[in-house]
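Inspection log for the structure reproduced underneath, given as structure tokens.
Scope of the values below: all heavy atoms of this structure, side chains included, with no hydrogens, waters or symmetry mates. In what follows, every chain begins at residue 1, and chains take the letters A, B, ... in the order their sequences are listed. Given the structure is predicted, the values throughout are model-derived calculations rather than measurements.
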Amino acid sequence: MAEFRMPSLGADMRTGTLVAWKVKPGDHLKHGDIIADVETDKGIMEIEVFENCIVEELLLEPDTKVPVGTPMARLKLEDGVEKETIAVTDRETPSPPPAIESPTIPVPELPREERLRVSPLARKLAAELDVDLTQVKGAGADGAIHQMDVEEAAKKLQPAPKPAEKVVAPPPEAKSPEAKPTTTDFQAGMRRAIAAAMSRSNRDIPHYYLETRIDMSHALQWLEAENQKRSIKERILPVVLLIKAVAKALTDVPELNGYWIDDQLQVQEAIHIGFAISLRQGGLVTPAIHHADLKSLDELMAALRDLIERTRGGHLRSSELSDATITLTSLGDIGVEKVYGVIYPPQVALVGFGKIAEQPWAERGMLDVRPVLTATLAGDHRATDGIIGARFLQAINTHLQAVEKL
Amino acid sequence: MAITEIQIKETIFKLLKNIAPDSSPEALGQEDDVRETLGIDSYDFLNFMIGLNEEFGVEIPETDYGKLITLNDMTQYILAHAQS
């Protein structure tokens with residue numbers, strides 16, 4: 001017997017809301033199966049299990065918000081190993097200390113027999129539109145409530161709403177004190193989550209910063225020729241070269257790929273690059289591109305595409321949010337030249353890339369104009385010294401100059 | 001039948017709206033920098049190029065990205081390259 005607990009999907013997560021179970025008692029699960037959808041400040045996440053097990057009992061009802069670490073289900077391990085908890089990531093999660101400030105939120109009493117069958121999207125929409133799900137009838141053949149049913153019910157609630165009202169946030173005075181979570185609340189939640197993680201980082205991590213200018217002429221020429229051979233759909237973005245160069249540089253300088261836990265550096269073998277993706281509505285998510293060093297450029301482009309789409313659509317998996325071993329942030333699209341990042345704990349490094357722009361470049365007594373990229377490293381001085389960071393930036397440069405081998 | 005400028009603009013607006021649902025492409029001025037005004041990053045821009053390719057059958061080489069800054073640029077480029 002083992003307990004499946006609310007996972008910590010990053011240092012900034014304190015609570016999670018169960019949106020829907022993806023399993024029922026008696027189901028057999030294997031490594032990587034999705035057990036539940038959980039809503040966090042960063043959207044709805046698909047939670048995976050990493051053990052072969054059988055679901056014995058579900059302890060939480062959907063829509064329940066609980067602190068990280070709260071038992072959610074009882075599982076029976078199939079390999080017969082006795083364990084008290086089930087791992088929800090591939091490795092031992094560097095979970096934050098149990099939330100001190102989180103009060104236990106009482107579980108609402110729901111009659112089990114009359115449990116509603118509601119799609120996660122419908123449930124979220126209902127909360128946003130203030131629709132009482134018990135009053136909604138599912139139109140589908142299976143009787144389950146889907147997005148359309150909630151929209152229909154919402155229409156009846158609001159007499160002839162103007163189309164514009166859907167996208168425009170309601171004026172503050174129109175909001176009742178007991179209003180259900182809205183997009184604005186979601187953004188405020190994400191802001192608080194980022195604030196908590198970054199404050200912790202700035203308080204605990206003595207950052208050091210290094211930067212280097214990289215001549216991108218050869219890499220860009222190579223990429224341009226490469227993309228010319230491809231259809232528009234198969235084109236590779238320059239940032240993919242940067243992701244791969246970082247991954248390869250980490251195999252050369254592994255000290256920056258890991259976590260600072262229990263007062264020591266724990267270097268990780270797998271290279272999972274957290275890629276900072278900003279959301280159009282504001283906020284930031286840094287899901288991991290798993291095993292970036294082992295992927296080809298085409299595979300990385302596909303992984304990036306998939307990750308951006310799912311981040312913006314709110315369908316990330318738990319492992320992607322919790323197991324990045326380093327963070328990469330690229331702000332060049334907005335014209336920034338250099339990025340001085342704040343490390344995402346418990347990671348020990350963050351790489352920042354600015355815009356690739358034409359700049360004067362002096363070499364062998366000659367002055368030329370070349371496309372130049374500035375790469376910066378924010379390192380945790382508890383874990384590594386500047387010399388390690390310098391070697392790492394140098395390795396990125398070396399790999400970008402040998403772009404054919406990436 | 002040859003496509004008209006108005007049809008091209010409508011398609012451009014539709015594509016941009018898909019990429020940046022919170023923006024108002026219709027409000028773009030003829031000479032505004034589209035990417036800068038709507039906050040389109042390089043990933044979104046690539047998707048926009050894929051969209052133009054699918055809608056108009058134009059193959060836009062990367063070296064031509066610099067010719068597609070404003071709404072006016074884009075319309076003229078497509079008029080010149082689209083297979084009618």
Can you tell me which portion of B/L52 sits under 4.5 Å from chain A's heavy atoms? Options are side chain, backbone, both or neither. neither
Hey, does the side chain of A/D333 reach the backbone of B/S42 with a donor-acceptor pair shorter than 3.5 angstrom? yes
Between B/D41, B/T63, B/N53, the one whose heavy-atom pairs under 4.5 Å with chain A are most numerous: B/D41
Please classify the contact between B/E36 and chain A as side chain, backbone, both or neither, with a heavy-atom cut-off of under 4.5 Å. neither
Do A/M301 and B/L46 touch side chain to side chain, with heavy atoms closer than 4.5 Å? yes
Neighbour count above 12 (heavy atom, 6.0 Å) for B/K17 NZ: yes
When A/V239, A/L304, A/N227 are compared by non-hydrogen pairs under 4.5 Å with chain B, the top option: A/N227
Could you pull out the closest heavy-atom pair between B/Y43 and A/I308, with the gap in Å? CE2-CG2, 3.4 Å
Separation between CD1 of B/I50 and CD1 of A/I232, rounded to the nearest 0.5 Å: 7.5 Å
Could you check if a side-chain atom of B/D44 sits within less than 4.5 angstrom of a side-chain atom of A/R312, using non-hydrogen atoms only? yes
When only pairs under 4.5 Å are counted, which of A/R235, A/Q228, A/K233 shares the most heavy-atom pairs with chain B? A/R235
